[in-house]
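See structure below.
Every number for a ligand or one of its atoms is a count from 1 in the order of the listing.
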Amino acid sequence: MNVVETRERLAAARAVARGRVAVVMTMGALHDGHVELLRTARGEADTVLLTIFVNPLQFAPGEDFERYPRTMANDLELARAAGVDIAFTPTRDVMYPQGAPAVRVDPGPAGEELEGASRPGFFHGVLTVVNKLFQLTRPDVAYFGEKDYQQLGMIRAMVRDFDLPIEVRGVPTVREPDGLALSSRNRYLAPAERRAALVLSRALRAAANAQADPVATGIAEFATEPEVKLDYFVLTDPMLGPAPAHGPARLLTAAWVGGTRLIDNIEVQLP
Ligand SMILES: Nc1ncnc2c1ncn2[C@@H]1O[C@H](COP(=O)(O)OP(=O)(O)OP(=O)(O)O)[C@@H](O)[C@H]1O
Ligand SMILES: CC(C)(CO)[C@@H](O)C(=O)[O-]
Ligand code: BAL
């Protein structure tokens, strides 16, 4: 595995990369969800390029940028074991040599909803860094997790609207055996919070199985964990548009478990 920190070394590695090139973008603190993205990429592409960068631009003031887990040595071990060919691990100065960029990707009105409503500037920051990483890595295909379902949709929209010659592939959410969606932020949870956090996946499953009113069913499940503060629990169509009356749809939720904000979502078939 070639670990590169600078643009020059990335460009040199990219120039000799073989065949179909896949990129998996992460903020590090790798877990089995990330490994699943890498495994899928490994099975479908000739060269797998991993990026690890905790992007300051997508954190609002007061969010967890400073305390976000940074586990680079372990990340590189996992990456090596997953068959990554190139790991790009830029510093902040390498990504943003001019400081915070003056020009940013505008996610449009959809980027102000759900995650964008609770995390001001989040999708401006995500799409700006994803766009930059697309330019720097020039992948044929990029893998993102369905755990961050709205993010996946916003990235698909950017690729479509900016005519980027990149295939975007979504990978189903990897869960703990008890249902909790894997997330780097799960590391913040104390044991009692870890138990309480199960309410997200439990509420989504209960809502998905409800005969009527899935949203009310999900919200009622949250009431069983009063120490978990619900941010949103919504039903949309699979593209995050208005909820349909019948057929395929998506349930999405976000909640605060103590000081940790978690998200999850599930596919649902409305009767
Ligand atoms: N449980 C999971 N299953 C599948 N993909 C995942 C999972 N968790 C994260 N990913 C994907 O991995 C990529 C990198 O995500 P990121 O580094 O932000 O990890 P994260 O666990 O989502 O972190 P955080 O806890 O900060 O939200 C994204 O495409 C994300 O959707
Ligand atoms: C896509 C991403 C790597 C951009 O920083 C981040 O939002 C993430 O890890 O999901
Ligand atoms: N997991 C998406 C990136 C973030 O929450 O900041």
Side-chain angles (χ1 to χ4, degrees), residues 22-41 49-60 63-72 74-75 78-79 82 87-90 92 95-96 104-105 107 111 114-116 118-134 136-137 139 141-156 158-159 166 168-189 197 200-201 204 231 252 254-257 259-266:
V23 71
V24 172
M25 298 179 187
T26 75
M27 302 207 301
L30 299 191
H31 51 62
D32 282 351
H34 300 117
V35 171
E36 183 61 20
L37 301 189
L38 294 172
R39 219 191 329 261
T40 309
L49 203 161
L50 165 70
T51 73
I52 300 178
F53 178 62
V54 185
N55 174 36
L57 217 61
Q58 70 192 66
F59 290 79
E63 282 188 351
D64 57 343
F65 174 70
E66 269 81 25
R67 79 175 184 123
Y68 196 83
R70 288 164 172 87
T71 60
M72 186 61 85
N74 188 56
D75 291 352
L78 288 174
F88 180 46
T89 61
R92 186 175 182 153
M95 282 308 290
Y96 298 115
R104 301 183 189 203
V105 177
L114 303 175
E115 288 305 284
S118 294
R119 305 180 62 184
F122 176 63
F123 285 116
H124 294 76
V126 168
L127 295 185
T128 300
V129 81
V130 169
N131 200 0
K132 285 167 70 73
L133 288 168
F134 277 157
L136 292 169
T137 60
V141 56
Y143 293 83
F144 295 93
E146 288 186 352
K147 199 265 286 169
D148 298 277
Y149 195 78
Q150 188 186 9
Q151 169 174 283
L152 174 61
M154 297 299 315
I155 291 168
R156 285 190 195 284
M158 176 176 75
V159 164
I166 298 166
V168 174
R169 306 287 299 264
V171 176
T173 303
V174 178
R175 298 177 180 281
E176 299 281 6
D178 61 8
L180 182 69
L182 295 188
S183 165
S184 303
R185 290 188 171 96
N186 292 349
R187 291 166 193 246
Y188 297 150
L189 302 172
L200 278 86
S201 54
L204 288 168
D231 181 347
L252 301 102
W256 286 94
V257 184
T260 303
R261 188 168 177 285
L262 298 177
I263 61 174
D264 199 354
N265 68 88
I266 196 172

Distance from L200 atom CG to I266 atom CD1, nearest 0.5 Å? 11.5 Å
Considering the heavy atoms of F144, write down every atom of ligand 1 situated less than 4.0 Å from one of them. 29 (O)
Can you sort out which atoms of ligand 1 are near T173, meaning under 4.0 Å from one of its heavy atoms? 1 (N), 3 (N), 4 (C)
Name the orientation class of the two ring planes belonging to Y68 and F59 (parallel below 30°, tilted from 30 to 60°, perpendicular beyond 60°). perpendicular
Looking only at distance, does D148 have an N or O less than 3.5 Å from an N or O of ligand 2? no
So which heavy atom in the protein is nearest atom 3 (N) of ligand 1, and how far is it from that ligand atom? V174 N, 2.9 Å
Please identify which of these residues, T128, V126, V130, V168, meets the side-chain contact (heavy atoms from CB on, under 4.5 Å) condition with M158. V130
Side chain proximity check, V159 to F134, heavy atoms < 4.5 angstrom: yes
Among T260, L37, D64, the residue with a heavy atom nearest to atom 11 (C) of ligand 1 is L37
Name the closest protein heavy atom to atom 1 (C) of ligand 2, giving the residue it belongs to and the distance to 0.1 Å. Q151 NE2, 3.6 Å
Can you list the ligand 1 atoms lying under 4.0 Å from a non-hydrogen atom of L182? 1 (N), 2 (C), 7 (C), 8 (N)
Can you tell me which portion of I263 lies within the under-4.0 Å heavy-atom range of ligand 1? Options are side chain, backbone, both, or neither. neither
Which of the ligand 1 atoms, numbered from 1, are nearer than 4.0 Å to a heavy atom of M27: 17 (O)
Set out, in order, the CA-CA distance, both residues' side-chain angles and the distance that settles salt bridge (Lys or Arg N to Asp or Glu O under 4.0 Å) for D264 and K147, then state yes or no. CA-CA 6 Å; D264 199 354; K147 199 265 286 169; over 6 Å; no
What residue and atom, counting heavy atoms only, is the protein's closest point to atom 10 (N) of ligand 1, and at what distance? D148 OD2, 4.2 Å
Please state which part of M25 comes within less than 4.0 Å of ligand 1, counting heavy atoms only: side chain, backbone, both or neither. backbone
In ligand 2, which numbered atoms sit nearer than 4.0 Å to a non-hydrogen atom of V129? 4 (C), 5 (O)
For atom 25 (O) of ligand 1, closest protein heavy-atom neighbour: S183 OG, 2.4 Å
Indicate, as side chain, backbone, both or neither, the part of K147 found under 4.0 angstrom from ligand 1 when only non-hydrogen atoms are considered. side chain
Which is it for E146 and R169 under the salt bridge (Lys or Arg N to Asp or Glu O under 4.0 Å) test, yes or no, and what are the steps along the way? CA-CA 10 Å; E146 288 186 352; R169 306 287 299 264; over 6 Å; no
M25 heavy atoms, cut-off 4.0 Å: which ligand 2 atoms fall inside? 3 (C)
Which N or O atoms of ligand 3 sit under 3.5 Å from a protein N or O, and how far apart is each pair?
unit_1	atom_1	unit_2	atom_2	d
ligand 3	1 (N)	D148	OD1	3.0
ligand 3	5 (O)	R119	NH1	2.9
ligand 3	5 (O)	R185	NH1	2.8
ligand 3	6 (O)	Q58	NE2	3.1
ligand 3	6 (O)	R119	NH2	3.2

Pick whichever of G28, A181, G145, P69 has a heavy atom sitting closest to atom 5 (N) of ligand 1. G145
Would you call D64 and R185 a salt bridge, taking side-chain N to carboxylate O under 4.0 Å as the test? yes
Starting at NE2 of H34, measure out to OG of S183 and round the result to the nearest 0.5 Å. 8.0 Å
Looking only at protein heavy atoms, which one is nearest to atom 24 (P) of ligand 1, and how far off is it? R185 NH1, 3.3 Å
Contact check: Q58 vs ligand 2, nitrogen or oxygen atoms, below 3.5 angstrom: yes
Find the distance between OG1 (T89) and CE (M72) and round it off to the nearest 0.5 Å. 4.5 Å
What do we get for T26 next to ligand 2 when only non-hydrogen atoms under 4.0 Å count, side chain, backbone, both or neither? backbone
Run the numbers for me: atoms of ligand 1, each under 4.0 Å from some heavy atom of Y68, listed by number. 23 (O), 24 (P), 26 (O)
Suppose we measure from atom 19 (O) of ligand 1 to each protein heavy atom; which comes out shortest, and what is that distance? H34 NE2, 2.9 Å
Heavy-atom distances under 4.0 Å decide this one: backbone, side chain, both or neither, for A29 against ligand 1? neither
Ligand 2 atoms nearer than 4.0 angstrom to some heavy atom of M27 are 6 (C), 9 (O)
